[in-house]
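Data first, discussion second: the structure below is written as structure tokens.
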Amino acid sequence: MLRFLQKCKNTNHLKQTHLQILVNGLKDNDSLLHNLITVSSDLISVDYAFTVLQTSNSPDVIAYNTMIKCFIGRENNSTAYNALRAYKQMRSRAFLVSPNSFTFTFLLKTIEGLDVGRMIHGEVLKMGLDASSVFVGNTLLNFYSKSGNDGVDLASKVFDEMPERDTVSWNTMIAMYMDCQEVESAIKLFESMPKRSIVTWNSVITGLAKNGKMESARSVFDKMPEKNEVSWNCLISGYVKAGDLKNAENMFDEMPVKSVVTSTSIISGYAASGDLESARKMFNQMGIKRNVVTWNAMIAGYVNKSQFNEALSLFHFMLLDNKCKPDHITLISILSASSHLGSLENGKWISSYINKNKINLSTPLGNALIDMFTKCGDIENGKSIFNKMSNKCIITWTTMVSGLAVNGKCKEALNFFNKMCDEGIKPDDVMFIAVLSACNHGGMVKEGKSLFQKMVNFYGIKPKIEHYGCLIDLLARSGELHEAIRLIENMDLEANSVIWATMISACKLHGNGELFEYVSKKVLDKEGLNCGYLTFNYKFEFINWKVGRCFEV
DNA sequence: CTAGGGTTAG
């Protein structure tokens, strides 16, 4: 029966096997139950898996752990609640199953929010587990360290009180301090560490890079006793994120250190002279070569810098090099590049590559495909990907909305927006930029105004300058110039050059000279508002207009 | 349990 279960490929197989298990009275068999939970969660849904667990009479701690583990990494917002429900159930009088270290490790990965975390921390203490294992302590550390600034003190407290610490504990603390810009604290820990691992060094490189200290990152990299691929990748992506493609390219080119023949002869030289330490170091360096992450970092660097053709050509080089296969992250970047270039030809090639290589259509990959198809004008294929995707996230919907809008299908874009809201997904600030600009493209003033209101009053999203920009543009271009001005003067943000440019051209469009003069003067008063170029333009247009008026008189 | 790569708007 176990073998049948593990061979299940789809929902039907699984349901039949499940039925067989029930019919044969095997539903309380431990090992079958564990597997049934995992496979159900993979092939059907976590809810189904949960039902399976609940119908069992004697689930053991592994069954619960397996269940909680299935909740990890789900995008659904009720997973934390469900994981906790499973935990409560195992602790209830009817079952009274004792949790172990694994239970808390998994549980802490499904939840977020300091309050819930502290509650689980309390449970850990109650079970007396913290003293017994570094493992649980590290999981707690990791949880607090990723819970924002408020978690830092709690993490430090856990760290200080840990009866036993290992390298992982120290590494977690270092990464945490780096993430909250406490570089000094991180370095202090690094220097006082009893024993550093390669992960420690790599964390420090990444941390320094995140804090904009690339020179220090580089010198740490140079000082490392031993490096691996990750060390190189840390430094390369550090340069990439700093926008320093020159240095990133240099490191990328240097990366495959030496040919195997050269390395081997150096190693035997060291070994022959009795310097085994150097021989071992050389041996460890020998295996270093570009991996898929290296390629992805470099390709993403080009995409981030809008060097889309360079991204595509590096991708082709990667295929020619034929040493590592592109994965879904490579493809996402390349799809993004194709989308920006409007190159349907490239995009289609990637799409068929995905099908040919049976690459799993993850949510982000699906999103990237939708974006590419719609931005290249192929709405039908975009929609068909959208319909195929079982796990849509907010980005999926946003991509669809803006994809339709740039193709002039603004009404339909709004329909998608409404459909998303109907499905109970809460729109975010990015979605509102997309949907407001859809109104803008479609000249839908009434809808735009009401959406803006809804965003602020119903969803409690604080408008950013881009939201104001969309609405002001919409109002101004449709002739509601005074309302646009009123909005500019009442908003709690300083209007930027884009907004003023919008107003200037709208005033000209609608031939409103008085307002044009008023707006121009406003802009001229704010000498420091823009770069000189823009200010100069306004001045120039304003003078032109005045001259024109003089001649009219 | 700790280190490296990704998608949406403007």
Side-chain angles (χ1 to χ4, degrees), chain A residues 101-102 104-106 108-109 133-143 145-146 165-176 178 196-207 209-210 227-238 240-241 290-301 303-304 324 326-337 339-340 362-372 374-375 393-403 405-406 427-438 440 464-470 473 496 498-499:
Chain A
S101 333
F102 289 100
F104 294 113
T105 311
F106 298 148
L108 281 164
K109 287 207 149 245
S133 93
V134 207
F135 193 67
V136 179
N138 285 344
T139 313
L140 272 168
L141 263 189
N142 185 40
F143 175 82
S145 79
K146 297 214 161 34
R165 292 187 274 254
D166 64 5
T167 326
V168 175
S169 330
W170 290 85
N171 293 348
T172 306
M173 291 298 286
I174 290 175
M176 175 186 78
M178 288 294 197
R196 298 172 190 145
S197 68
I198 196 157
V199 178
T200 318
W201 290 88
N202 291 344
S203 298
V204 170
I205 293 174
T206 303
K210 276 182 190 163
K227 304 178 186 35
N228 60 10
E229 283 96 339
V230 180
S231 321
W232 285 79
N233 292 342
C234 289
L235 198 66
I236 291 174
S237 56
V240 159
K241 292 206 174 108
R290 292 175 196 144
N291 59 19
V292 64
V293 178
T294 323
W295 290 94
N296 290 349
M298 203 61 230
I299 290 173
V303 175
N304 290 338
C324 44
D327 65 4
H328 72 283
I329 292 183
T330 326
L331 300 172
I332 288 168
S333 290
I334 293 303
L335 282 169
S336 170
S339 161
H340 283 287
S362 67
T363 307
L365 184 55
N367 297 344
L369 274 170
I370 295 175
D371 182 58
M372 180 280 295
T374 55
K375 294 282 165 60
C393 69
I394 180 92
I395 296 180
T396 320
W397 292 92
T398 309
T399 306
M400 205 62 222
V401 168
S402 53
V406 298
D428 63 1
D429 57 328
V430 180
M431 176 51 115
F432 272 107
I433 296 174
V435 77
L436 284 171
S437 76
N440 204 350
K464 290 186 179 163
I465 197 74
E466 290 88 348
H467 298 108
Y468 284 117
C470 283
D473 195 18
N496 60 19
V498 180
I499 289 180

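Chain letters run A, B, ... following the sequence lines, proteins first, then strands; residues in each count from 1.
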Per atom distances to the A:S362 side chain, the nearest of B:dA9, B:dC1, B:dG6 is B:dG6
Would you tell me whether A:T200 and A:S197 have side-chain atoms, one donor and one acceptor, within less than 3.5 Å of each other? yes
Approximate separation, where rounding is to 0.5 Å, of A:I394 CD1 and A:D429 CG: 9.0 Å
Below the 4.0 Å mark, does B:dG4 have OP1 or OP2 next to a side-chain nitrogen or oxygen of A:S231? no
Taking OP1 and OP2 of B:dT2, is either one under 4.0 Å from a side-chain nitrogen or oxygen of A:N142? yes
Kindly indicate whether the side chain of A:N296 and the base of B:dG4 share any N or O donor-acceptor pair separated by less than 3.5 Å? no
Is there a donor N/O on one and an acceptor N/O on the other, under 3.5 Å, for the side chain of A:D429 and the base of B:dA9? no
Contacts to DNA chain B from residues 165-174 of chain A, heavy-atom cutoff under 4.0 Å, which residues? A:V168, A:N171, A:T172
Under 3.5 Å, is there a donor-acceptor pair linking the side chains of A:S339 and A:D371? yes
Without decimals, in angstroms, what is the distance between A:N367 CG and B:dT8 C1'? 7 Å
Which nucleotide sits closest to the side chain of A:H328: B:dG6, B:dC1, B:dG4? B:dG6
From the set B:dG6, B:dG10, B:dA3, return the single nucleotide nearest to any side-chain atom of A:V199. B:dA3
For a quick test of reading the model, state the closest non-hydrogen atom pair linking A:T374 to A:T399 and the distance between them. OG1-O, 4.5 Å
Taking the side chain of A:N233 as its heavy atoms from C-beta onward, which of B:dT2, B:dT8, B:dG4 lies nearest to it? B:dG4
Looking only at N and O atoms, is any donor in the side chain of A:N138 or the base of B:dC1 less than 3.5 Å from an acceptor on the other one? yes
In A:V204, A:N228, A:V293, A:I205, the residue satisfying side chain to side chain contact (heavy atoms under 4.5 Å, CB included) with A:C234 is A:I205
Using whole Å, what does the distance between atom C1' of nucleotide B:dA3 and atom CG of A:L141 come to? 16 Å
Working for side-chain contact (heavy atoms from CB on, under 4.5 Å), residues A:T172 and A:N138: CA-CA 8 Å; A:T172 306; A:N138 285 344; 5.6 Å; no
Measure from CD1 on A:I370 to P on B:dA9 and round the result to the nearest Å. 12 Å
Looking at every strand, decide which applies to A:V303 at a 4.0 Å heavy-atom threshold: base, sugar-phosphate, or nothing. nothing
Side chain of A:S237 only, please: which of B:dA3, B:dA9, B:dG4 is the nearest? B:dG4
Heavy-atom side-chain contact between A:P364 and A:I395 under 4.5 Å: no
From the options B:dA3, B:dT7, B:dT2, select the nucleotide whose nearest atom is closest to the side chain of A:T206. B:dA3
Rounded to whole Å, the CE-P distance (A:M400 to B:dA9) equals 13 Å
Nucleotide B:dG4, atom C1' - distance to NZ of A:K227 in whole Å: 15 Å
Choosing from B:dT8, B:dT2, B:dG6, which nucleotide comes nearest the side chain of A:K375? B:dT8
Between atom CD1 in A:I299 and atom C1' in B:dG5, what is the gap in whole Å? 10 Å
Ranking B:dA3, B:dG10, B:dG4 by distance to the side chain of A:S203, first place goes to B:dA3
Which nucleotide in the list B:dG4, B:dC1, B:dA9 gets nearest to the side chain of A:V430? B:dA9
Check the distance between B:dG5's P and A:L331's CG and give it to me in whole angstrom. 18 Å
Decide whether A:T330 and A:D327 meet the rule of one side-chain donor and one side-chain acceptor closer than 3.5 Å. yes
Can you measure A:N228 atom CG to B:dT2 atom P for me and round it to whole angstrom units? 16 Å
Mind checking if A:A300 touches a base, just sugar-phosphate, or nothing, with heavy atoms under 4.0 Å? sugar-phosphate
Taking only the side-chain heavy atoms of A:S402 (C-beta and beyond), determine which of B:dA3, B:dT8, B:dG4 contains the nearest atom. B:dT8
So, applying side-chain hydrogen bond (donor to acceptor under 3.5 Å, both in side chains) with A:N233, which one of A:T294, A:N296, A:T206 is it? A:T294
